[in-house]
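A note on names: the letters A, B, ... follow the listed sequences, proteins ahead of strands, and every chain is numbered from 1. None of the values given here were measured: they were computed from a predicted structure.
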Amino acid sequence: MADRAQLSTPVAEAGVGVLLIVGVASVFVLGVPAPDDGAAQLDAYAEDAGTVLAGESPRHQGATRLAEVAKSRESFERERSALDRRMDRLLPDNLLYRVETEYGAVGYERPAGVSYGTATVTTEHGDVRIRVWYA
Amino acid sequence: MRGQANLLALAVALIALTGAMVVGLAIADGAFATAESDATERQLATGIAERLTSADGSLAARENVLNATAVVSFDAVALRSALPGLSDRDVAVTLDDEPVAATGDDVEGYSVERIVLVERTRSVALDAAFDGTNRSVTLPRRTDRVDVRIDRSTNATVTSVRIGDRIVRRNASGLTGNFSIAISRYRTATVSIEADGRLAPDEADLTYYPSRTEKALLEVTVDG
């Protein structure tokens, strides 16, 4: 009895050691977080949409299309459905969006808890913020 | 007896520990290597996409606007020379799932999508645009330049060319020749010429370059 107990001590210690090492190694296998590709891609979508819209001619007056919607409440109300259609056509089908200006927002309500990409375009009348997320 | 048994157990324990250590290190090394190559791939794909869509990229007309002609003539050689840092990695570029250029077959790996516009420009000539006394033409579509050709006229001297209110070319003793005038894409332009007499219809004409854009998805894939 006493023999067996003393014999197994180093083996038991080794067992504990092996467990420890395997535990640390498993962190590398399981614990390295998968890189969040979605967020970078969503940011790219938002930036691109902002760049494209900022490079388009205004429909009535203003410097660009985005400057026009950020200009005043009237011009925002007048342009909101056109902007909505344009965003809808521009973005890939699996994306939803929201464009926020000082005078209101077009697009969809952003659900809580989804990761989204965001881009802010500065215009002469204020910032326009674009958010996109996967539908 | 007890001492020898202990020594044996110690030896087994050490071997077991060393083995576990080696396996553990191998796993850790593999995990780091994978993470690193993933990052390089991602970085390359993002960088290439950024370069192709930037205003001075080899495909682009403006930022996020690609020139349709440049897209058609773009190939694997152009891709390699546009991106000298590729070394032995393969890259494939597609536009709306249509292949544009690829440095290898069946490139699979990390890919980045960008929203772009593809711009096609054509030229429209307005012959006899300025007839006699009415010497002002509003271009029907937005264009980024307009070419004005003025011939030597027998009974009139053209002194200036205006875009809207702005005088872009002026010569009191008479303008003749071809003038390429850059104008704003954001405004409709009115081109007018001033002459001190009656212009024959074929003595002045202009050409403008309206563009059409279509949205497209540019996808860049870098193999692992």
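- Under the side-chain contact (heavy atoms from CB on, under 4.5 Å) test applied with L117(B), the options T51(A), D48(A), V52(A) reduce to a single match, V52(A).
- Contact between P92(A) and I115(B) at its shortest, heavy atoms only, is CD-CD1, 4.0 Å.
- The contact between L217(B) and chain A is made entirely by side chain atoms (from C-beta outward), counting heavy-atom distances below 4.5 Å.
- Contact annotation for S111(B): only backbone heavy atoms (N, CA, C, O) come within less than 4.5 Å of a heavy atom of chain A.
- Applying the 6.0 Å contact sphere to CZ of R78(A) captures more than 12 heavy atoms from other residues, nucleotides or ligands.
- Contact annotation for L20(A): neither backbone nor side-chain heavy atoms come within less than 4.5 Å of a heavy atom of chain B.
- At least one donor-acceptor pair closer than 3.5 Å links the side chain of Q41(A) to the backbone N or O of E113(B).
- Interface remark: R65(A) contributes no atoms to any contact with chain B (heavy atom separation under 4.5 Å).
- Atom CD of E124(A) is surrounded by more than 12 heavy atoms from other residues, nucleotides or ligands within 6.0 Å.
- In terms of heavy atoms, R187(B) sits closest to P58(A) at NH1-CG, 4.3 Å.
- The minimum heavy-atom distance linking G55(A) with R185(B) is given by the pair O-NH1, 3.4 Å.
- Using a 4.5 Å cut-off between heavy atoms, R142(B) touches chain A through its side chain atoms alone.
- Both the backbone and the side chain of V112(B) have a heavy atom closer than 4.5 Å to some heavy atom of chain A.
- Residue V24(A): no heavy atom, backbone or side chain, is found under 4.5 Å from chain B.
- Counting heavy-atom neighbours within 6.0 Å of D97(B) CG, excluding the residue itself, gives a total of 12 or less.
- Heavy atoms of other residues, nucleotides or ligands lying less than 6.0 angstrom from CD of E77(A) number more than 12.
- A pairwise comparison of heavy atoms in A25(A) and G24(B) identifies CB-CA, 3.7 Å as the closest pair.
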